[in-house]
Amino acid sequence: MNIAFLLYNAYGIGGTIRSTANLSAALAAAGHSVQITSVYRSRDEPRLSFGRGVRIHSLIDWRKNSPGYDGAHPHQAEDSVLWEDHGVSKSEIAPTRLTDERVAAYLRETDADVVIGTRPILNGYLDRYGENRYLRLGQEHVSLATHNAELAADQNAALASLDAFVTVSEADARHYRATLPEVTTRILCIPNAVPAPEVRASDQSSKTIVAAGRLIPIKRYDRLIRAFAKVAAERPDWNLRLYGRGRKSEELRQLIEELGLYNRARLMGAVTPIETEWAKGAIAAVSSDKESFGMTIVEAMHCGVPVVATDCPYGPGEIITHGEDGLLVPLEGGEDAFADALIRLIDDEERRREMGRAALRTVRQYEPATIAERYLSLIAELAAARGMSLTSVPREQPGQREQPKTLGERLRAALRRRLRPGRRGSAPTAGAAKPRPRWVPRAHAEATGDGGLAVRIDATGMPNRAHELVLRLRNDEERRAVRVPLPDKAQAVGGRVETVVERAAHTLAEGRWDAYVVPSGGQGRGRRVAADLVETAALVTLPPQPGAGGTTSWVPYTTAEGNLSLRTWLRPRHAEVDQVVVGEAAATVTAILYGVEVGPEAVVVAVSRENAAHDVEVPAQTLPDGRLTATVPYAELMARRTVEHDLWDLCLVAAPGAGRVPLARIGGDVADRRKSDKFPPLVLAHPERGATRVVPYLTFRSELALSARDLAAREDED
């Protein structure tokens, strides 16, 4: 059977895209031909994997560096004739006349047996331009109550021509059926498909609450942050991490700062895949006013993390069994009830663990193969009712090309055929053997409990020879490298060969080490290791590790290019920043010392990058628990301001004449803390330079510094 999904932009990471990717992969694995048709193409490659055998096809090229860029097409400047879908109509890629034309042409020419729309405007296109020769299914990934009156009325009118309309919660399906009693279209619930991740389930040791999603009003992360403020006051050893991006980001950061939570609650940004981050939590939190389904709930439960969720309309109550695999909090209870639920789980570790085990059992019903079977049963029933004979289309084999669907594609394909090797206009290659595809080592990496690095390389296509995993220090004149043997591919377990870079066996210089696979004894650069998954949950509670060579920390991570690298720190003496408290007139820093003996005359020095005469020195004190503390008054910095942007690095001098030890934050699981570890700024008056923005921050080396900048200059840049 040939199944096509219409996505508006398949190149993002939203919940609709994730659920479509999961379902399409399961349908392809079941032997069906599956195509993703993305109305817009915004990137060279999708950010999410759609699975083996799933074809991706786009209608409008929105890549500005592409020769096929459609942004200048004259019809792109004309309005769409379809109704407004608020989810996309205000975006850069809002529907236009060009959108209408390309989607209409696709729906006329597709050879699919089933076309599935994944958002309101796409369901509208199915209504307006779809044809009865194939089944037309609409999906609702939010809920009827979420739409404004105009959009709800427009989509509701479109449903009458569809064969089925699928919601992701039973409550929403009931709402649609009650609202549209005269519509004969079958309206039913099939929940989203959420696969079990390969990550290790949470061990419940992190004392971390994790939340993830779009930072938008309906998610009510302000409620979660205010609830956490109550938790933090009673359980000071717990932390909150919030993953995602959205228009509420700055407002939420300001709330964190206003409540004094910036040392305990962090905005982590968008991360994919998110499962590695759920596994770092002991509790997951969902604080929404409404949830159409709750993919994040299922994702967290797949990682063995119990969920505390508002009992909001639709999703949570259909997934969570209160008291068994999570807790449901009445919406009317507000932040107080949410905080109480969090504290109940915080205080009962055994209950958390049992709920985590129950969560793993609950989410089996959302496995993609199970959800795919429900879709296939629905399609078979609809086809039988219509008297349709569904074609049996073999799944496209790797290397097969998708047949062009539009006139423009047909012309481009004809041109490509004319320029193929062996044809006129190209070099003759008669009898030439096809080159073998280059093997790219793909890895599932994991930080070990002692901070080492386990690397499991996919052995598929691996050449039959001995190999080594090589870590090379980036931009290193000495060309330092660490070589660790890889097992022979015949020894692969689960299709992967594994090696471990032992923490105790290697002292790695500070920097970034890139991973390669090289033939044993080979001197070439080898092949860069692509990172499929990098797990760092074991590092969340791991402090910097003292050793013979100094204090060290290793954090594996995925580079922007998708490769495996290792961020390392090596400090002969180290002061680990525990917290920074920003007051009205000063910043107070507390640090944990490694390999440093502090004398009675110890000081913290704010070292000016502009002029050594502008250094500021303040006394340091040792607390009863052994930590060090010092307070840097902002007035001292302001008195030394001379340029548009003054910077000071904070260092400890343990005794007179001793060397400077940077105050830094290198422990834990984050390779770059500049975006997640933020401190509140203050605006102070300067007699010559005017308003000055003063803020502590972490540098690219994770060292603590202070910035004093002309506010006018910063606003000009913004």
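Everything numeric here is computed off the predicted structure, so don't read it as measured data. Computed over heavy atoms, backbone and side chain alike; hydrogens, waters and symmetry mates excluded.
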Please tell me whether [X] and [Y] have a donor and an acceptor in their side chains that are separated by less than 3.5 angstrom.
X      : Y      : answer
Arg253 : Tyr262 : no
Thr568 : Trp513 : yes
Asp578 : Thr590 : no
Arg223 : Tyr221 : no

*Check Ala454 against Glu498 and note the closest heavy-atom contact, atom names and distance.*
CB-OE2, 3.8 Å
Between [X] (side chain) and [Y] (backbone), is there a donor-acceptor pair under 3.5 Å?
X      : Y      : result
Thr559 : Asn563 : yes
Trp648 : His614 : yes
Arg528 : Leu564 : yes
Asn263 : Val580 : yes
His444 : Asp532 : no
Ser206 : Lys280 : yes

*Would Asp672 and Arg567 pass as an ion pair if we require N to O under 4.0 Å?*
no
*Would Arg701 and Glu510 pass as an ion pair if we require N to O under 4.0 Å?*
yes
*Hey, mind stepping through Arg641 and Glu688 against salt bridge (Lys or Arg N to Asp or Glu O under 4.0 Å) and telling me if it holds?*
CA-CA 9 Å; Arg641 288 215 63 207; Glu688 284 96 30; over 6 Å; no
_Filter on salt bridge (Lys or Arg N to Asp or Glu O under 4.0 Å), then keep only pairs touching residues 598-612, sequence neighbours left out; what's left?_
Arg609-Asp649
*Test salt bridge (Lys or Arg N to Asp or Glu O under 4.0 Å) applied to Arg220 and Asp222, step by step*: CA-CA 5 Å; Arg220 290 301 308 273; Asp222 59 317; 2.9 Å; yes
_Identified side chain to side chain contact (heavy atoms under 4.5 Å, CB included) partner of Asp669 from the options Thr276, Leu542, Leu539_ = Leu539
*So among Ile283, Val540, Thr541, which one has a side chain to side chain contact (heavy atoms under 4.5 Å, CB included) with Thr208?*
Val540
_Testing Arg674, Arg571, Arg660 one by one against Glu703 for a salt bridge (Lys or Arg N to Asp or Glu O under 4.0 Å), which residue passes?_
Arg571
*asked:* For Asp450 and Arg503: C-alpha separation, side-chain torsions, deciding distance, then whether salt bridge (Lys or Arg N to Asp or Glu O under 4.0 Å) applies.
replied: CA-CA 7 Å; Asp450 63 354; Arg503 184 69 171 270; over 6 Å; no
_Is any side-chain heavy atom of Ser565 closer than 4.5 Å to one of Arg474?_
yes
*Just do the salt bridge (Lys or Arg N to Asp or Glu O under 4.0 Å) check on Arg665 and Glu576 with the steps written out, would you?*
CA-CA 5 Å; Arg665 183 171 278 171; Glu576 176 78 1; 5.3 Å; no
